[in-house]
Structures are given as C-alpha cells and as structure tokens.
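Reading through the structure tokens given below for one structure.
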Amino acid sequence: MDTLDRKAAEAFPAHIVRKDLVRRFRGQFPVPTYVVEFMLGRYCASTDPTEIEEGLQMVQAQLSDRTVRAGEEELFKARARDRGSVRIIDIITARLDAKTDSYLVSLPSLRLTDVRVADKVVQDHERMLTGGFYAEVELGYDASIAQEKGGRPFEILSLREIQLSTRDILDKIASGRASLSTEEWKACLLRSVGLEPDKLNERARDAMFLRMVPFVEANYNMVELGPRGTGKSHLYQQVSPYAHLVSGGKATVARMFVNMSNGQRGLVCQYDVVCFDEVSGISFDQKDGVNIMKGYMESGEFSRGRESIRAEGSIVMVGNFDVDVQHQQRVGHLFGPMPPEMRNDTAFMDRIHCYLPGWDVPKVSKELFTDHFGLVSDVLAECFSRLRTQSRVDKLSGRVHFGGALSGRDQNAVNKTVSGLLKLLYPDPASPIPDEDLEWAVRLALEVRRRVKEQQKRIGSAEFRNTQFSYVMGLDGVEKFVSTPELQSENSIGADPLPAGQVWTISPGGQDEGTGLFRIEVNESSGSGVRILNQSPPGPFKESVRIAEQNLYAHARELVGERNPREHEFSIQLRAFDAARNGSDVGIPILMGLCSALLGKPIKGGLVISGGITLGGSLEPVHNPIDLVELAMEKGAEAVLLPVSSRRALIDLSDDVATKVQVLFYADATDALRKCVHD
C-alpha cells in the first residue's frame with residue numbers, strides 16, 4: 001500500500017477494491033469486469049489481507065457456482081429441475097411474445113429463449129428490453145408445465161441487478177474527494193478504471209479523462225480514432241453497466257431510437273452511453289438512419305411518427321487507423337476511417353463535441369494496469385450516472401472568455417467538455433475550482449473541438465476556415481491560442497509549410513521589449529476590409545496591419561495580379577511565443593500573409609520573415625538583425641528573410657549560426673513575396 005491507498009481507504013470505506021484482484025478472475029468466468037468487481041466489492045472491500053483472502057474464496061465459490069461455462073448448460077438446467085430452482089449470473093434480455101401476450105426472457109449462457117417472467121419484473125427493469133443487463137437470477141422449473149404441449153417450464157422467480165451502490169453514493173464519494181488533492185483524486189480515478197497513473201504520460205492521462213466525459217455529461221458526442229490495441233472500447237464494455245457497446249455491423253433505427261411497432265424506447269433512452277465499436281463497419285438499416293442520428297446528436301430529440309422523444313444517451317464512436325496519424329493527414333483527414341455516409345459530412349462532424357486523439361494512448365500492456373486500490377466499478381459508474389443531472393458551465397462565467405473564432409456550436413461543445421471534466425475532478429458542485437484546474441479543462445476542451453474544425457477545414461468548407469481557437473482567463477488576462485499538437489509544434493518552427501495565410505515572423509522589438517517570435521494567421525473570405533481577431537490588439541501591431549493593408553491595395557497588381565483585394569475580407573490574428581507582445585515592425589510579414597491567403601499559396605516551411613514597411617512602400621531597416629537571426633535558429637528556423645539593408649550588419653554573425661540558418665534578402669515587397677511563397 002502506498003500513501004494514496006491509505007488515504008483512499010480512509011476517504012471511501014467499503015467502496016474500494018484492490019484492482020489486481022479483478023485480474024485474478026479475468027478470463028476464468030464469462031462475465032465482464034464490473035460483475036467481478038461487484039462480487040469483490042461485496043466481500044473484499046477491505047485493506048486487511050486476511051479479510052481479502054477470505055472474501056476471495058467466497059467470490060471464487062459464488063462465481064464458480066453461478067456462472068455457466070461453455071458446455072455446462074444442460075448441467076444447470078438439470079439442477080433447476082432437480083432442486084426446483086438454481087441461481088445463476090447472466091445477461092438477461094426480454095421480448096414481448098404477441099402470440100401469448102406475455103414477456104419471454106432469454107438467458108444466453110443456458111441457451112434459453114423462452115423463459116417466463118412476470119410483467120412487473122419487466123416493468124421494473126425496462127433495460128432488459130433493450131439489450132439487457134447482468135443480474136443474479138433465480139431460475140425456477142415447473143415440471144407440471146413441462147408436460148403440457150408447448151409448455152415453458154423455466155421461469156424467472158427473482159432477479160437482482162448487479163449493483164452495489166446506494167442512493168446517496170454520490171454524496172459519500174464527494175465527501176471523500178474533499179480529503180484528497182486534485183492530483184491524488186485524478187490518480188484515484190485512473191486507478192478506479194484499472195490503470196496506473198505513474199505509467200502514463202500527461203497526454204495519455206488527459207485522454208483517459210476525456211473517455212470518461214460521456215459518462216458524466218448527457219447528450220455528449222465523441223469520436224476516438226487511433227491505433228489498434230489501445231483499449232478504446234474497454235471502458236464502455238467492462239467498467240459500467242450504464243454503457244452499451246454496439247459492435248460493427250447493422251445498427252437498426254428501432255433498436256437505437258424507438259420501435260414503431262410497439263413504441264419501445266431504444267438504446268439512447270435506456271443507457272447513459274451508447275458506443276459504436278469498429279465504427280468503420282457500422283451502417284443503418286434505413287436510409288434516414290444517419291439523419292435521425294444527426295438530429296439526435298444536435299438536440300437530444302428524435303421524431304418517430306407524431307411523437308417527439310427526448311433522450312440523454314451520449315454517443316461515442318471508436319475505430320482504428322490503418323496508418324499513423326501523420327500519414328492519415330497527408331492522404332486525407334482524420335475522419336477518414338468513418339463510414340462513407342459520415343466521412344465527408346461536415347454537418348455530421350459539426351455535432352461532434354470531442355475528437356479524442358487515440359494516437360496519444362499507449363497500447364494496452366500489463367505494465368499499465370494498477371495493483372493498487374480504486375473505487376469499485378459499480379460505485380464509480382453510479383456516481384458518473386448521478387453527475388449527469390448536474391452542470392459546471394456556470395464555473396466559466398466571468399472567468400473565461402473565448403476568442404472570436406468559436407461559433408455557437410463550438411462554444412456549446414467546449415462548454416460540455418469543460419463541464420464534464422470539472423464534474424470528474426469536483427463531484428461536489430459547491431467545491432471551489434482553482435484557475436489552474438479550470439484552465440486545464442478549457443485548453444483540453446478547445447483542443448478536442450478544434451481538431452473537429454481542422455478536419456472540416458481540410459474538406460474545403462469556407463465556413464470553417466477560422467480555426468484559431470483562443471481564450472482569456474479573467475478580464476485582464478493574455479489571450480492564449482490552443483492548437484492541435486499533431487498539426488504543428490506549439491512553440492517551434494517546423495519544416496512543413498504552414499497553411500496559406502500563416503507566417504512565422506520575429507519582431508525586432510524596441511525600447512520596451514526585446515525580439516520575439518510570433519505567428520501571423522490570416523484567413524480570407526468574401527467581403528471587404530481587414531479585421532484583427534485579437535481582443536485588445538497591441539498598438540504597434542495594429543499600425544503594422546494598417547500599413548500592410550494600404551500597401552496591398554496600392555500594389556495589388558504587382559503582388560497578386562488580377563485579384564482585387566478590396567473584394568475580400570481578411571481576418572488576422574497574432575500569436576506570441578515569447579515574452580514580447582507588441583508585434584512591432586512586422587509590416588512585411590503581415591503583407592506576405594495577406595498575399596498568401598489571397599493567392600491560396602502557403603509560405604515556405606521553416607522560413608521566418610522580418611521587416612517593416614512604410615505607407616509609401618519603402619522598407620524599414622532592422623536595427624538588430626544578428627539578434628533576430630540567432631533567435632530564429634534557436635526556434636528551429638531553416639531560413640530567415642530580411643531587407644537587403646541588413647546585409648552589412650550581418651558581417652559579424654557567428655560561423656555557427658551562419659552554417660545552420662540560411663539568410664535571404666529582399667529588395668522590396670514584390671521580391672519578398674517571390675522568395676517566400678512555397679512552390
């Protein structure tokens with residue numbers, strides 16, 4: 001036991017179990033993990049080794065007596081006949097038999113499909129009509145009925161859902177959470193789903209928390225695509241009885257939403273999470289299936305006949321890349337493995353709240369599994385289900401302000417992800433949330449939503465061009481931009497060309513600040529004028545934008561040929577990567593960004609452009625070119641483009657820097673554009 005084990009034992013008495021005990025039974029019995037943990041939670045929720053050992057013997061005995069292995073079906077049926085009844089643990093499903101106007105139960109482990117059951121039992125446990133659930137079942141046998149023609153001798157005498165938790169379980173867990181720090185609670189959550197946090201890097205831990213969000217956030221839509229063997233479906237199949245896994249193949253509208261023949265509600269009404277496994281092979285039995293799904297993902301409602309039905313089930317889609325993420329981006333976009341009817345549908349994509357980066361999750365191996373204590377899966381699942389009725393969106397009010405690039409759907413998606421992450425971290429709604437935890441949730445939420453927008457942009461829809469998501473903490477905070485790491489490094493200059501309109505530049509600084517690396521991002525659309533998307537942009541940068549705009553209009557023919565820049569609207573953002581914030585004397589890089597966006601041609605990869613320009617078109621001298629080139633080398637640049645007036649000052653550039661960075665010169669704006677545009 002480590003320190004966290006002891007703290008968890010004090011905070012959650014009778015609700016924790018040693019997770020390596022679960023693995024001891026894995027594969028022995030034909031039941032999911034949460035069923036085994038239900039038994040362990042009943043008999044082994046202790047830290048005393050003697051009590052645990054005694055409990056293990058009880059669990060072993062009960063699972064041996066009550067689970068039906070392949071080939072033992074007739075043995076259990078015979079026991080039911082001889083004793084009058086037998087207890088088993090099995091998944092129980094029911095259907096309405098119209099011929100006899102009664103419900104019939106199926107018990108797959110015994111290969112029985114016509115077991116009698118009282119109507120009240122079905123009404124009390126409606127989930128048995130939509131995919132079923134695991135339960136402890138007392139199965140009776142009536143010999144007199146067996147002798148009747150077409151008689152059905154087997155009957156469900158009683159059943160008990162596999163459920164250990166109580167109605168006030170969330171209050172107990174929230175109270176225990178208060179005695180742990182945020183990092184300790186994060187580690188406890190990961191251990192509760194069977195993983196050892198110390199074996200995961202930060203990106204993998206974040207991905208695991210994102211996998212939990214659909215359990216605590218109603219009507220949450222998530223996609224996870226990545227390499228095989230990373231345990232994408234494990235959480236939805238093994239950990240919670242409130243989740244249902246739909247394996248690849250036909251998904252019927254009746255089963256998913258509502259059966260029109262009898263009005264029976266479907267999976268999204270009965271389960272908290274419906275997960276499509278191997279999503280590339282999923283297809284609907286009706287042509288309008290995807291449209292019904294899109295409508296449901298947007299509003300949480302669907303219409304069948306005259307009735308409009310609300311449901312809260314979250315939709316999760318998981319699948320595999322056949323190639324790595326970099327190659328997938330080169331050959332297409334990250335929604336490539338989706339079914340054909342969803343793959344290039346930007347309206348469908350717009351309803352995805354989170355694209356989880358499956359490539360950040362390591363392949364499942366025994367080293368990743370924990371041997372420590374965690375919450376019993378059933379307790380955890382019950383807490384998750386109770387948290388769905390709460391919201392943490394109010395925690396953002398007045399503390400976080402989003403940039404102008406977020407549409408209404410973007411903001412809704414980000415709000416839902418933030419709310420879900422904060423509910424995981426702070427199950428008590430009254431808990432104060434520190435800025436660092438709020439910012440962690442905001443950055444993660446913006447990244448996973450921006451990943452969706454980037455794919456829409458790749459498909460070529462003009463309405464999704466602006467993907468530069470940003471946020472400000474507090475009223476006086478600095479605007480921070482969030483990128484998706486697989487597209488580019490956050491703070492270094494990559495060798496790949498940036499998208500058209502994006503330019504790396506270094507400001508020479510001035511009296512108030514030194515040199516600093518910036519990225520200028522320009523988006524072009526129909527309209528007119530230039531607008532800066534930064535909230536409260538610095539004065540020197542605004543001045544550079546104004547001068548660059550006038551030069552574009554004045555020298556349009558030499559720069560962009562027949563295109564008329566006055567018929568286009570340009571949106572500009574400045575992203576700072578150093579302490580420097582002003583963005584002074586960057587007129588030429590801004591002008592190059594405007595031309596690049598208008599021409600639809602990217603700037604060469606690994607290139608930094610620097611230099612100012614006057615209203616008349618003359619080049620401003622750079623007063624410290626050596627500092628500028630040295631910083632460019634430090635940030636990973638391969639080449640620097642400077643005004644030719646800097647040539648003499650660079651005579652003192654060190655040999656080391658001169659051999660690592662190529663210095664190019666331009667005589668005027670037209671010359672600069674010719675030398676910087678990617679061929």
Side-chain angles (χ1 to χ4, degrees), residues 30-31 35 66-68 70-163 241 244-247 249-271 274 284-286 302 304-307 309 311 313:
V31 291
V35 174
R66 297 182 182 183
T67 55
V68 185
E72 293 183 343
E73 301 90 347
E74 298 306 319
L75 174 63
F76 275 78
K77 291 178 190 175
R79 284 178 184 170
R81 176 179 179 272
D82 296 341
R83 302 173 186 173
S85 67
V86 67
R87 287 185 179 274
I88 63 167
I89 295 174
D90 198 3
I91 187 167
I92 182 168
T93 57
R95 73 181 193 281
L96 180 65
D97 181 32
K99 290 180 181 176
T100 59
D101 190 32
S102 63
Y103 291 106
L104 295 178
V105 161
S106 295
L107 296 172
S109 68
L110 295 179
R111 290 190 293 190
L112 291 174
T113 59
D114 58 352
V115 181
R116 291 175 291 119
V117 64
D119 291 358
K120 187 173 188 316
V121 174
V122 178
Q123 290 160 6
D124 290 344
H125 305 278
E126 278 198 327
R127 278 196 301 153
M128 68 171 69
L129 291 163
T130 57
F133 56 88
Y134 273 89
E136 290 181 300
V137 177
E138 185 180 4
L139 181 68
Y141 184 89
D142 190 328
S144 61
I145 296 178
Q147 294 169 13
E148 297 175 4
K149 184 179 179 180
R152 292 168 172 148
F154 290 101
E155 181 184 11
I156 301 296
L157 300 178
S158 66
L159 70 85
R160 177 181 176 183
E161 286 193 56
I162 297 293
Q163 192 167 23
H244 185 85
L245 195 70
V246 179
S247 296
K250 280 252 187 257
T252 67
V253 171
R255 187 172 174 225
M256 275 294 297
F257 299 105
V258 64
N259 189 324
M260 292 295 286
S261 62
N262 59 17
Q264 179 60 48
R265 303 296 167 90
L267 295 174
V268 294
C269 301
Q270 298 291 335
Y271 288 90
V274 178
F284 277 94
D285 62 332
Q286 298 178 23
F302 53 91
R304 299 295 283 159
R306 295 180 179 179
E307 190 179 8
I309 301 168

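Keep in mind that what you see is a predicted model, and the values were worked out from it rather than measured. Counting from 1, the numbers follow the sequence of the chain as shown.
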- Query: Would one find more than 12 heavy atoms of other residues, nucleotides or ligands at under 6.0 Å from atom CG of Asp101?
  - Reply: no
- If we ignore angles and hydrogens, is there a donor and acceptor under 3.5 Å between the side chains of Asp90 and Ser109? yes
- Quick one: are Phe154 and Leu110 in side-chain contact, heavy atoms under 4.5 Å? no
- Message: Closer than 4.0 angstrom, basic N to acidic O: yes or no for Arg95 and Asp114?
- Response: no
- Query: Do Tyr103 and Asp97 come close enough that some side-chain heavy atom pair is under 4.5 Å?
  - Reply: no
- Would you call Ile91 and Met128 a side-chain contact if the rule is heavy atoms closer than 4.5 Å? no
- Task: Show your working on side-chain contact (heavy atoms from CB on, under 4.5 Å) between Val31 and Tyr134 and close with a plain yes or no.
- Result: CA-CA 8 Å; Val31 291; Tyr134 273 89; 3.9 Å; yes
- Task: Kindly give the heavy-atom pair with the smallest separation between Tyr271 and Pro241, and that separation in Å.
- Result: CE2-O, 3.8 Å
- Query: Taking the inter-plane angle between the rings of Phe133 and His125 on a 0 to 90° scale, is it parallel (under 30°), tilted (30 to 60°) or perpendicular (over 60°)?
  - Reply: tilted
- Salt-bridge criterion met for Arg66 and Glu136 (N-O under 4.0 Å): yes
- Message: Once rounded to the nearest 0.5 Å, what's the spacing between atom CZ of Arg79 and atom CG of Asp82?
- Response: 10.0 Å
- Task: Would you confirm whether Glu73, through its side chain, and Gly71, through its main-chain N or O, come within 3.5 Å as a donor-acceptor pair?
- Result: yes
- Query: What distance separates Gln270 CD from His244 NE2, expressed to the nearest 0.5 Å?
  - Reply: 11.0 Å
- Beyond-backbone contact of Leu107 with Ile92, side-chain heavy atoms, under 4.5 angstrom: yes
- Give a yes or no answer on whether the side chain of Arg116 reaches the backbone of Pro153 with a donor-acceptor pair at less than 3.5 Å. yes
- Item | Worked verdict on Val246 versus Val274 for side-chain contact (heavy atoms from CB on, under 4.5 Å) | CA-CA 7 Å; Val246 179; Val274 178; 3.9 Å; yes
- Message: Does Val122 form a side-chain contact (heavy atoms from CB on, under 4.5 Å) with Glu126? I'd like the steps, not just the answer.
- Response: CA-CA 6 Å; Val122 178; Glu126 278 198 327; 5.8 Å; no
- Query: Do other residues, nucleotides or ligands put more than 12 heavy atoms under 6.0 Å from Arg81 CZ?
  - Reply: no
- Query: What is the distance from atom CG of Leu139 to atom CD of Glu155, rounded to the nearest 0.5 Å?
  - Reply: 9.0 Å
- Message: Let's go through Val68 and Ile88 carefully: what are the C-alpha distance in whole Å and the side-chain angles of both, what is the deciding distance for side-chain contact (heavy atoms from CB on, under 4.5 Å) to 0.1 Å, and is it a yes or a no?
- Response: CA-CA 7 Å; Val68 185; Ile88 63 167; 4.2 Å; yes
- Message: If you define the side chain from C-beta out and look only at heavy atoms, does anything of Pro30 sit under 4.5 Å from Thr67?
- Response: yes
- Specify the closest pair of heavy atoms between Val268 and Ala311, including all atoms of both residues, with the distance to one decimal. O-CB, 3.4 Å
- Gap between atom OG of Ser102 and atom CG of Leu96 - 0.5 Å precision: 7.5 Å
- Message: Testing the basics here: between Cys269 and Phe302, what is the closest heavy-atom pair and its distance to 0.1 Å?
- Response: SG-CZ, 3.9 Å
- Query: Less than 4.5 Å apart, any side-chain heavy atom of Leu112 and any of Val105?
  - Reply: no
- pair Thr113-Leu104: side-chain heavy atoms closer than 4.5 Å: no
- Query: Are side-chain heavy atoms of Thr252 and Phe284 found at a separation under 4.5 Å?
  - Reply: no
- Distance (rounded to the nearest 0.5 Å) between Glu161 CD and Asp124 CG: 9.5 Å
